[in-house]
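What follows is a single structure, written as structure tokens, with notes after it.
Numbered from 1 within each chain, the chains take letters A, B, ... in sequence-line order.
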There are 2 protein chains.
Amino acid sequence: MGKKTTIYDIAKRLNTTASTVSRALNNSPKISKKTKDLVLETANKMNYQQNKLALALKSGKSNNVGVIVPRIDSNFFASIIKGIEENLYAHGYRVIICQTQNNQNIEVEIINTLLKAQVDGILMSISSINLDTKNSFNRILQKQIPLIFFDRKANIKDVSSVTINDFEAGYMATKHLINQGCKKIAHLSGNILLDIFNNRFLGYKKALEEEGIEFNKAYVLKIRSTVKDGQNAAKQLLKLRNPPNGIFSSSDYAALGAIQEIKANGIKIPGDIKVVGFANEPFTKFMELSISTIDQSPVEMGKIAANVFLQQSNNSENTKIEKNVVLAPKLIIRKSSLKHPNE
Amino acid sequence: MGKKTTIYDIAKRLNTTASTVSRALNNSPKISKKTKDLVLETANKMNYQQNKLALALKSGKSNNVGVIVPRIDSNFFASIIKGIEENLYAHGYRVIICQTQNNQNIEVEIINTLLKAQVDGILMSISSINLDTKNSFNRILQKQIPLIFFDRKANIKDVSSVTINDFEAGYMATKHLINQGCKKIAHLSGNILLDIFNNRFLGYKKALEEEGIEFNKAYVLKIRSTVKDGQNAAKQLLKLRNPPNGIFSSSDYAALGAIQEIKANGIKIPGDIKVVGFANEPFTKFMELSISTIDQSPVEMGKIAANVFLQQSNNSENTKIEKNVVLAPKLIIRKSSLKHPNE
DNA sequence: CTGTTAGCGCATTCAG
DNA sequence: CTGAATGCGCTAACAG
């Protein structure tokens with residue numbers, strides 16, 4: 001009952017051998033229809049289920065891929081995972097999810113664990129970039145295991161990635177604010193060591209330049225992507241002698257915090273200050289004062305990342321094909337940044 | 001380079017045998033410190049990493065558990081998974097995530113796949129309940145693999161579960177609406193075949209009874225948990241000769257849809273109609289008109305489900321300990337259901 | 001078409 | 001304390 005039936009058990013019952021059973025089960029051409037049917041029937045009767053572990057050990061292919069994200073309980077990452085999972089599931093792969101909680105030690109540890117588990121590939125959004133993590137990446141590559149970055153990438157030769165054009169996104173968002181009449185635009189940024197935040201910042205800067213608006217260092221704050229940090233940032237900005245009339249936040253959560261703080265001070269949005277967030281988290285759409293934001297097509301991003309992985313694993317020895325897919329960001333204009341017709 | 005180093009490779013280099021290497025690596029007591037250190041050192045030098053697949057095949061323990069949910073991109077399920085993942089990761093388990101998309105065929109197929117992958121346990125929130133799925137559950141139990149339900153459970157002997165008291169939740173929500181002055185309370189329900197929805201409905205009914213409010217069948221609508229369905233439901237309710245002045249929705253998304261529709265009709269919330277949702281999705285808190293809801297402590301639910309699994313897998317043969325943890329729901333009162341002081 | 005043998009990588013029993 | 005042999009469940013090469 002508790003014991004699992006193996007192909008040997010089936011063979012014994014049929015007075016034949018494991019190979020024959022294996023062949024029958026695997027639809028081998030060199031087997032008679034008669035024995036095949038017989039095997040299939042008794043296998044079914046005995047409730048046989050193939051042990052994929054044995055197969056994995058034999059073939060060197062586990063059919064598992066590891067997916068590493070900072071956290072899973074944000075719509076952005078959950079949606080990416082959804083895209084990856086749905087695409088790879090259809091191709092016979094299972095997805096092992098791991099969270100780093102933005103902790104680099106955990107990140108390194110997770111990579112080791114996945115490697116030991118013999119995953120066939122690793123898809124990840126990096127949390128940190130330093131010597132330890134780079135070593136881990138090299139370890140993956142040495143083992144010839146496909147490594148694909150999505151969203152938060154490290155710049156490593158021969159490693160493919162799927163990202164959005166964050167520079168463009170920052171540029172679009174800022175340009176939009178300018179078009180809505182803002183001249184004094186603040187930027188809530190993140191960990192500048194990560195490309196995504198740096199590129200958004202550079203896009204922001206470029207838009208200012210183009211419009212001949214002088215860059216003001218006091219308008220750029222590096223914060224975490226939380227409501228709390230957004231509130232504090234707004235507090236700080238409002239204290240300035242010359243507070244901004246537009247805010248481009250690299251995070252929807254921070255944008256929300258800023259909006260709350262600003263309104264608590266009796267300042268009107270979008271009347272006095274216009275705000276654009278980032279990521280198109282569901283709440284930005286649902287709010288009374290809906291929040292303008294940048295959509296990153298996370299589900300599609302996940303699907304593409306999965307596709308890149310599939311391509312690479314089929315390329316056998318030729319893993320050295322670096323493919324960098326860059327998706328176009330979409331500016332979603334909502335109430336928080338909209339100029340009043342009379343303005 | 002691409003070839004992985006095994007304990008045999010290490011043994012060869014050291015002119016010893018795999019057993020010795022294995023013992024050294026596993027910190028066996030019967031080995032001299034000298035050889036142990038030597039092995040450890042060269043293992044390190046050769047970049048050795050244990051192949052967990054071989055270990056799993058040998059030991060019959062994969063250290064993987066399967067987690068099955070309808071979908072991953074809802075904060076509720078993502079948070080449960082977060083709780084499970086964090087708890088089990090610390091105990092050496094990896095988590096394989098699967099989505100059923102509320103499709104029973106996929107659900108059955110996923111269970112088979114996980115069984116073949118030799119998972120050490122399955123934690124799931126069921127999507128459907130019928131003969132096929134029941135068969136699958138039995139297959140799991142026959143193999144002596146711990147099965148734990150969370151949130152959406154099936155009533156099966158010997159199977160543990162972690163849920164919230166949905167009856168109590170429905171009761172609390174409805175009672176609250178009554179306390180806020182509502183006498184005509186509608187209920188947006190879901191698939192009544194699932195206990196969670198049925199229990200919420202029963203709690204709703206009980207609260208009405210207790211207050212001597214007559215049950216009105218026209219006030220109960222069975223819909224899906226989407227914004228769209230919530231809008232349609234509200235449309236239908238508003239058309240009634242005697243429309244409700246309170247709505248208890250079994251879904252935050254449906255509650256949101258209803259609120260949008262009601263407001264679009266110029267009807268005031270909470271003035272004319274008060275609304276309570278379910279699940280405490282992030283947006284309910286962030287909205288201008290924040291939505292009252294029921295919190296289900298999803299992260300804790302996931303952690304507890306993981307704990308129940310751990311207990312069961314340690315109980316060796318004694319898997320027959322059914323444990324049904326029922327968490328207390330928390331009513332979160334926000335603006336959408338609040339009586340005005342003058343009311 | 002079917003049976004025999006070997007090996008994937010590891011831990012473990014039994015000898016020594 | 002260390003070495004040799006065995007098996008976890010499966011497939012594939014080889015032999016018949």
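- Separating the CG atom of B:Leu55 from the C1' atom of C:dG9 is a distance of 9 Å, rounded to the nearest angstrom.
- Side-chain proximity of B:Arg23 to C:dT2, C:dA11, C:dT13: nearest is C:dT13.
- Look at A:Ser59 and you won't find any side-chain N or O under 4.0 angstrom from OP1 or OP2 of D:dT11.
- When the P atom of C:dA11 is taken as reference, atom NZ of A:Lys116 falls 12 Å away, rounded to whole Å.
- One finds a side-chain N or O of B:Tyr48 lying less than 4.0 angstrom from the OP1 or OP2 phosphate oxygen of C:dC10.
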Go through it in stages, so that I can follow the logic: the residues are A:Ile110 and A:Leu114, the test is side-chain contact (heavy atoms from CB on, under 4.5 Å), and I'd like the CA-CA distance, side-chain angles, deciding distance and then a yes or no. CA-CA 6 Å; A:Ile110 283 175; A:Leu114 289 175; 4.0 Å; yes
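- A heavy-atom distance below 4.5 Å is not found between the side chains of B:Ile31 and B:Val39.
- The separation between A:Lys58 atom NZ and C:dC10 atom P is 16 Å, rounded to whole Å.
- At least one side-chain nitrogen or oxygen of B:Gln50 sits closer than 4.0 Å to the OP1 or OP2 atom of C:dA11.
- Side chain to side chain, A:Glu107 and A:Thr133 fail the donor-acceptor criterion of an N or O pair below 3.5 Å.
- In this structure, A:Leu53 atom CG and D:dT11 atom P are separated by 13 Å, rounded to whole Å.
- Following rounding to the nearest Å, A:Leu38 (CG) and C:dC1 (P) show an atom-to-atom distance of 16 Å.
- Nucleotide D:dG9 holds its P atom 22 Å from the NZ atom of A:Lys61, rounded to whole Å.
- A straight line from NZ of A:Lys12 to C1' of D:dC10 spans 16 Å, rounded to a whole angstrom.
- As a whole-Å value, the separation of A:Asn15 CG from C:dT4 P is 12 Å.
- One finds a side-chain N or O of B:Ser32 lying less than 4.0 angstrom from the OP1 or OP2 phosphate oxygen of D:dT2.
- With contacts defined as side-chain heavy-atom distances shorter than 4.5 Å, the pair B:Ile122/B:Leu115 qualifies.
- Proximity of A:Thr20 to the phosphate of C:dG3: a side-chain N or O atom is located under 4.0 Å from OP1 or OP2.
- Between A:Thr6 and D:dG9 there is no side-chain N or O to OP1 or OP2 distance below 4.0 Å.
- Side-chain nitrogen and oxygen atoms of B:Asn26 include at least one within less than 4.0 Å of the OP1 or OP2 phosphate oxygen of C:dA11.
- Across the interface with DNA chain C, nearest-nucleotide mapping of B:Ser19 and B:Leu57 shows B:Leu57 to be the residue nearer the 5′ end.
- With respect to the salt-bridge test (charged N to carboxylate O, under 4.0 angstrom), the residues A:Asp37 and A:Lys33 qualify.
- Looking at the side chain of B:Ile7, the nearest of the listed nucleotides D:dG9, D:dG3, C:dC10 is C:dC10.
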